[in-house]
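To start, the structure itself, in structure tokens.
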Amino acid sequence: MLRYVTTNDGKLREARDYLGDSIEGYNFDYTEIQHDDLEAIAAAGAREAYREVGGPVIVDDAGLFVDAFDGFPGPYSAYVEETIGIERVQTLAEPLADRSASFRCALAYCDGEPFSASPDPIDRDDRTTAAAAGAEQDATEREPLPVKLFVGSVPGTIVEPRGTGGFGYDPIFEHDGSTFAEMNAAEKNALSHRGRALAKFAEWYETR
Ligand code: ITT
């Protein structure tokens with residue numbers, strides 16, 4: 001059984017809506033490493049989650065990147081939501097002439113096996129093992145645990161909160177005239193960052 005490892009029910013709902021009953025949620029708060037790339041955070045999380053679960057896992061790291069803020073909050077989106085909240089993110093963006101932004105999602109899949117027959121991107125740098133082993137360990141002694149990555153992104157605009165659906169930043173992220181919170185799960189999945197990453201994953205996973 002494939003496990004979608006997350007503490008966020010909203011993400012799991014969308015993943016199950018897309019992939020159906022072939023996946024099950026697994027509530028595990030893996031360590032979020034500090035990194036500028038969602039891919040690196042998701043890959044490290046997938047390795048830790050795989051070691052915890054002992055079977056195939058997907059970890060999903062997402063973030064809101066505001067262009068005029070050079071991509072902030074990006075990988076820090078969860079921290080910013082917890083501390084200042086989405087309304088104040090919108091207030092900060094309000095005076096900007098350009099309120100364009102994008103939502104990005106990196107899905108990381110790990111089942112302990114290599115992906116020699118599948119195309120890149122594959123993350124082979126086992127940062128978690130390296131960090132746990134300390135600086136003295138020689139890089140060649142590490143056991144790399146390959147992780148396959150699927151990335152999706154969607155452009156949008158930061159607007160005053162509208163809508164009651166979705167979760168997280170959905171009420172302040174508008175795409176094509178509607179905020180994500182004004183869409184149902186299927187409508188959001190059809191064009192969202194997560195939906196796009198899930199589509200790439202589903203196509204690849206069928207052949208695995
Ligand atoms: P896990 O790490 O346990 O999966 P999380 O909520 O911490 O859950 P992220 O670090 O990936 O997950 O989330 C970053 C932030 O972006 C967090 O505040 C989420 O609520 C928000 N977020 C993620 N996906 C979103 C989406 O599709 N729509 C709106 N907000 C989203």
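Note that the structure is a prediction, hence the values are computed from the model and not measured. Atoms within a ligand are numbered from 1 in the order they appear, just like the ligands themselves.
- Listed by chain and number, the residues in a salt bridge (Lys or Arg N to Asp or Glu O under 4.0 Å) with E182 are R162 (sequence neighbours excluded).
- By the salt bridge (Lys or Arg N to Asp or Glu O under 4.0 Å) test, D67 is found to be paired with no residue, residues two or more places apart in sequence or in another chain being considered.
- Between Y169 and F173, a ring centre-to-centre spacing not shorter than 6.0 Å is recorded.
- Closer than 4.0 angstrom to ligand 1 by heavy atom are T6, T7, N8, K11, Y30, E32, D60, D61, A62, S77, A78, E81, F103, F167, G168, Y169, D170, K188, H193, R194, sorted by chain and number.
- Checked for salt-bridge contact, D111 and R208 meet the test: a charged N lies under 4.0 Å from a carboxylate O.
- Here A186 pairs with D17, N184 under the side chain to side chain contact (heavy atoms under 4.5 Å, CB included) rule; sequence neighbours left out.
- A side-chain donor from one of E52 and Y26 sits under 3.5 Å from a side-chain acceptor of the other.
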